[in-house]
Amino acid sequence: MRPPASHHRPSHEGPSGPRSRPYSPDLTPLWKKPKPAAEVPAEPGLVVEEPGTGFCGAVIRCETGTVTLEDRFGKHRVFPLQPRGFLLEGRVVTLVRPPSGPARPARTASGSVAVPGARARVARAGRIYVEGRHDAELVEKVWGDDLRIEGVVVEYLEGVDDLPSIVAEFAPGPDARLGVLVDHLVPGTKEWRIAESVTSEHALVVGHPYIDVWQAVKPSSLGIGAWPAVPRGQDWKTGVCRALGWPENSGAVWQAILARVGSYKDLEPALLGRVEELIDFVTAQP
């Protein structure tokens, strides 16, 4: 409604003398007035568009009178909170400060913008293969939310000795891409020669330099100074457990290691980049 007028219409003469008729501030019929926009709490992770600029992004912060959005390129913009100020899934809404209380995380464990309430996508035909169970559990813990939204399934192979035949059996194609993550992928190693033998343009084999995925967890996250050097010919996990005084039950030790991983910040960049590369490859449009 328009603000009340600061003056009145001129007086009119009536049968009983002068009378004053006040000016009606809004004569629009009620059925023609726009309905008020729904108020939506600006929770972290909520994706909206500011129609005046076309800027689309996720809420990362809401303060008195303003909201900060981040787009998919990491760019931040601050906008005023105002009535009918944003688009949410195509409808006009008014963002308001969320009620006080514990806020939902604005990011997933992988560092991606969280999408509250997002449903898992139907699984794609494409897949990501990793070497073993520990690799799969680590990928799930850090990238699980992203993978479910993208519809990407991760499976483990129990080693890569038969990788060429596994790839051939999968028969990757434009609509069913295959990504493979290999441990200890260093030029000249057995793993490197196996990876080089996979030539399909619809399959991507990448790897990290660590002997085992355990090493991809930062020592600082585990409270140790560094991963110990293990002599050649000795089982690496056994040697690590002995050097650090850990029990030699590698399954229990791994669960203790995994429990210390809270997000991508606990992992080495050499692993982070390779997993992100595989997700991008498998989800790329043909």
Side-chain angles (χ1 to χ4, degrees), residues 45-49 56-58 70-74 88-90 104-183 185 191 194-208 213 216 258 261-264 267-286:
L46 182 72
V47 178
V48 295
E49 178 183 347
C56 183
E70 180 184 63
D71 70 7
R72 63 192 183 93
F73 301 108
L88 174 63
E89 298 179 349
R104 287 178 287 182
R107 300 213 171 245
T108 65
S110 72
S112 300
V113 174
V115 184
R119 294 182 178 180
R121 177 174 174 166
V122 175
R124 296 172 182 267
R127 292 287 187 273
I128 291 177
Y129 287 167
V130 297
E131 281 208 43
R133 183 184 296 274
H134 293 179
D135 306 67
E137 290 174 343
L138 184 61
V139 170
E140 162 60 27
K141 183 160 189 180
V142 176
W143 286 274
D145 290 339
D146 306 55
L147 293 167
R148 279 182 285 278
I149 290 176
E150 295 290 350
V152 177
V153 174
V154 175
E155 301 178 8
Y156 65 93
L157 302 173
E158 296 290 5
V160 293
D161 288 352
D162 298 322
L163 185 59
S165 60
I166 292 172
V167 172
E169 182 179 356
F170 183 86
D175 296 318
R177 294 186 169 198
L178 177 63
V180 183
L181 180 69
V182 178
D183 296 343
L185 191 60
E191 293 81 2
I194 292 172
E196 287 291 297
S197 67
V198 176
T199 57
S200 171
E201 62 178 314
H202 303 299
L204 175 65
V205 182
V206 299
H208 56 74
V213 77
L258 190 62
V261 176
S263 74
Y264 72 98
L267 303 182
E268 298 287 358
L271 175 67
L272 295 174
R274 302 294 74 74
V275 175
E276 295 286 350
E277 186 178 357
L278 289 176
I279 295 174
D280 289 345
F281 178 80
V282 172
T283 59
Q285 296 298 320

For this session: List for me each residue that meets salt bridge (Lys or Arg N to Asp or Glu O under 4.0 Å) alongside R133, sequence neighbours excluded, and say none if there are none.
Result: none
Problem set entry | Those residues that, when tested against E140, pass side chain to side chain contact (heavy atoms under 4.5 Å, CB included) (two or more places apart) | R148
Problem set entry | Pairing residues for V153 by the side chain to side chain contact (heavy atoms under 4.5 Å, CB included) criterion, not counting sequence neighbours | A123, R127, E155
Problem set entry | Reference residue Y129; test side-chain contact (heavy atoms from CB on, under 4.5 Å); the match among L157, L181, V205, V182 | L157
Exercise. Are the side chains of V261 and L138 in touch, meaning some heavy atoms are under 4.5 Å apart?
Worked result: yes
Exercise. How far does CD of E131 sit from CG of D183, to the nearest 0.5 angstrom?
Worked result: 4.0 Å
Problem set entry | Residue pair V275, W143: steps toward the side-chain contact (heavy atoms from CB on, under 4.5 Å) verdict | CA-CA 9 Å; V275 175; W143 286 274; 3.5 Å; yes
For this session: Output the distance between atom CD1 (I279) and atom CG (D146), rounded to the nearest 0.5 Å.
Result: 6.0 Å
Seminar exercise, completed: To the nearest 0.5 Å, atom CG of L272 lies from atom CZ of R274 at 9.5 Å
Problem set entry | A176 to A125 - nearest heavy-atom pair and separation | CB-CB, 3.7 Å
For this session: Can you sort out the partners of L204 under side chain to side chain contact (heavy atoms under 4.5 Å, CB included), two or more places apart, ordered by chain and number?
Result: V206, E277, L278, F281
Problem set entry | Any donor-acceptor N/O pair, K141 side chain to G262 backbone, under 3.5 Å | no
Below 3.5 Å, can you tabulate the donor-acceptor pairs from side chains in residues 159-172 to any protein atom, sequence neighbours excluded?
{"unit_1": "D161", "atom_1": "OD1", "unit_2": "K190", "atom_2": "NZ", "d": "3.1"}
{"unit_1": "S165", "atom_1": "OG", "unit_2": "D162", "atom_2": "O", "d": "2.9"}

Problem set entry | Spacing of L178 atom CG and I128 atom CD1 [to the nearest 0.5 Å] | 9.0 Å
Exercise. Can you name the closest pair of heavy atoms from L271 and A216 and give their distance?
Worked result: CD2-CB, 3.6 Å
Exercise. Around atom CD of E89, are there more than 12 heavy atoms of other residues, nucleotides or ligands at under 6.0 Å?
Worked result: no
For this session: List for me each residue that meets side chain to side chain contact (heavy atoms under 4.5 Å, CB included) alongside A284, sequence neighbours excluded, and say none if there are none.
Result: R177
Exercise. For A195 and L185, which heavy atoms make the closest approach, and how far apart are they?
Worked result: CB-CD1, 3.8 Å
For this session: For C56 and V47, run side-chain contact (heavy atoms from CB on, under 4.5 Å): C-alpha distance rounded to whole Å, both residues' side-chain angles, the deciding distance at 0.1 Å, then the answer.
Result: CA-CA 7 Å; C56 183; V47 178; 3.9 Å; yes
Seminar exercise, completed: Here the gap from L46 atom CG to L88 atom CG, rounded to the nearest 0.5 Å, amounts to 5.5 Å
